[in-house]
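Worth knowing before you read on, the calculation uses all heavy atoms, side chains too, and leaves out hydrogens, waters and symmetry mates.
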Amino acid sequence: MRGLAEYIMRGSKEATLVVALAAAIPLLFWVSAAALALVILRRGLNDALSVLVWGVLPALAWAAMGDPTPLLVILGSAGLAVILRESGQWSKVMLLTVPLGVAYALLLLTVHNEQLMALAGQIREMLPQMLSGVEGGADTAVLARLEALLVPILGGLLGSVHVLMVLVCLMLGRSWQARLYNPGGFRQEFHALRLSPLVAGGLLLLTLLGPQWTQLALLSPVASVPLLIAGLALVHGVVGIKNLGAVWLVAFYVLFVFMAQFAYPLVMFLAFVDSLFDFRSRMRPSSGPTDGDSNGHG
């Protein structure tokens, strides 16, 4: 990937070629988004405008054919790259993913309304069977409540997946920038990423209590994304401080994938607890080198 990053940074023509070509090729829009984020982070939005335009054109074509994902991810990554360049704070970027994810969810609910309604109908048919093992069985009131939450939750899940892709592309672009101009810089930033107690507590409440009200159900999956990223940063930071090696991270992600139902809430809760106690600061040797966040954190 370093070779690709070096090619992108040779000049506007090279960057435009990569961004536009990757946006036009199916399933490579993430490369386009990461490359555009790299250009913005290094040169600023003004110098990246022509690259942005040529990247958006193929994405608009995909959107016209019914797939808005490339356009949303490319524009979202570009927007958050501008914020990160100007503020230098990953915590601020994390917070902005919530309104961005909500906007994505509302848009995707409109664009994919028929598909979401069909999926909700299929899930609705399976609910009695799914709840048959629950004590008390499939209560009519419970069924009605769950059915009302299906479409907002599905829309929120779509929004959260898209905003997660935006963050991954931005982080990839940032890591390319660090490899070229500041080796180890992104590692330090990510390892030190931590949410403030107020932000983490608010996001946790939205995640847990959102499904209690139909109007807020859409917020629940979206609000979980910053907590997830902060929790993953905590895991990476602890592994880095303890010098445990990449094997531990591989094992963690394997367990996370296969036990996501339990691991996801646990990682979110750890992010909240860490916002209160800052485990990484307590674990660092007092005389050793710090793994500080050059961009700051909340």
Side-chain angles (χ1 to χ4, degrees), residues 30 33-34 37 41 72-73 76-77 79-81 83-85 87-105 156-178 185-208 210 219-241 249-250 252-253 255-257 260 262-280 291-298:
W30 59 273
L41 287 168
L72 296 180
V73 174
S77 299
L80 292 185
I83 299 299
L84 181 58
R85 175 181 167 85
S87 69
Q89 297 180 8
W90 276 104
S91 56
K92 186 174 184 178
V93 171
M94 292 296 116
L95 189 57
L96 288 174
T97 60
V98 178
L100 182 63
V102 170
Y104 282 1
L157 285 172
L158 271 180
S160 64
V161 169
H162 279 71
V163 83
L164 184 59
M165 286 191 288
V166 166
L167 280 173
V168 170
C169 292
L170 175 61
M171 289 180 174
L172 181 57
R174 186 65 155 182
S175 69
W176 288 348
Q177 182 191 23
F186 174 71
R187 181 177 184 271
Q188 289 184 346
E189 291 178 6
F190 186 60
H191 284 195
L193 195 159
R194 185 172 68 91
L195 301 174
S196 69
L198 181 61
V199 170
L203 292 173
L204 188 62
L205 285 176
L206 283 174
T207 302
L208 297 177
L219 268 171
S220 181
V222 175
S224 72
V225 172
L227 288 170
L228 172 66
I229 299 298
L232 295 179
L234 170 62
V235 173
H236 280 256
V238 170
V239 170
I241 292 170
L249 289 176
V250 172
F252 167 77
Y253 280 106
L255 288 174
F256 186 89
V257 170
F262 305 101
Y264 198 116
L266 177 61
V267 170
M268 289 193 304
F269 181 72
L270 286 175
F272 168 67
V273 176
D274 180 61
S275 73
L276 300 173
F277 299 104
D278 193 1
F279 296 128
R280 283 157 288 187
D291 198 13
D293 182 0
S294 61
N295 281 341
H297 60 271

Mind checking whether Leu170 and Trp90 have side chains closer than 4.5 Å, heavy atoms only? yes
Answer yes or no: is there a donor N or O on one side and an acceptor on the other, between the side chain of Tyr104 and the main chain of Val163, under 3.5 Å? no
Contact between Leu195 and Asp274 at the side-chain level, heavy atoms closer than 4.5 Å - yes or no? no
Phe186 ring center within less than 6.0 Å of His236 ring center: no
Please report the shortest heavy-atom distance between Ser77 and Ala33, naming the atom on each side. OG-CB, 3.6 Å
Beyond-backbone contact of Leu203 with Met268, side-chain heavy atoms, under 4.5 angstrom: no
Go through Val267 and Leu227 one step at a time and tell me if the side-chain contact (heavy atoms from CB on, under 4.5 Å) criterion holds. CA-CA 8 Å; Val267 170; Leu227 288 170; over 6 Å; no
Plane angle bin for Phe279 and Phe277 - parallel if under 30°, tilted between 30 and 60°, otherwise perpendicular: parallel
Spell out, as yes or no, whether a donor-acceptor pair under 3.5 Å connects the side chain of Arg280 to the backbone of His191. yes
Please walk me through it: do Leu193 and Leu232 pass side-chain contact (heavy atoms from CB on, under 4.5 Å)? CA-CA 9 Å; Leu193 195 159; Leu232 295 179; over 6 Å; no
Would a distance-only check, ignoring hydrogens and angles, find a side-chain to backbone donor-acceptor pair under 3.5 Å from Ser160 to Val222? no
Rounded distance (nearest 0.5 Å) linking atom CD of Gln89 with atom CG of Leu95: 10.5 Å
Verdict with reasoning, Leu228 to Phe256, per side-chain contact (heavy atoms from CB on, under 4.5 Å): CA-CA 11 Å; Leu228 172 66; Phe256 186 89; 3.7 Å; yes
Which heavy atom of Pro197 sits nearest to which heavy atom of Ser275, and what is that distance? CG-O, 3.1 Å
Considering non-hydrogen atoms only, spot the tightest contact between Val73 and His162 and give its length. CG2-O, 4.3 Å
A side-chain contact here means heavy atoms from C-beta on lying under 4.5 Å apart; do Val239 and Phe252 qualify? no
Where do Phe272 and Gly201 come nearest, in terms of heavy atoms and distance? CE1-CA, 3.6 Å
Return the CD1 to OG1 distance between Ile83 and Thr97, rounded to the nearest 0.5 Å. 12.0 Å
To the nearest 0.5 Å, tell me how far Ile229 CD1 sits from Ser91 OG. 14.0 Å
Contact check, side chains of Ser175 and Leu172, non-hydrogen atoms, under 4.5 Å: yes
Just wondering, are more than 12 heavy atoms of other shown residues or ligands nearer than 6.0 Å to CZ in Phe269? no
Rounded to the nearest 0.5 Å, how far apart are CG of Leu219 and OG of Ser224? 11.0 Å
If I take atom CG from residue Leu80 and atom CG from residue Leu41, how far apart are they, to the nearest 0.5 angstrom? 10.0 Å
For Leu206 and Ala223, which heavy atoms make the closest approach, and how far apart are they? CB-CB, 3.8 Å
Do the non-hydrogen side-chain atoms of Leu270 and Leu266 ever get within less than 4.5 Å of each other? yes
Side chain proximity check, Met171 to Phe190, heavy atoms < 4.5 angstrom: yes
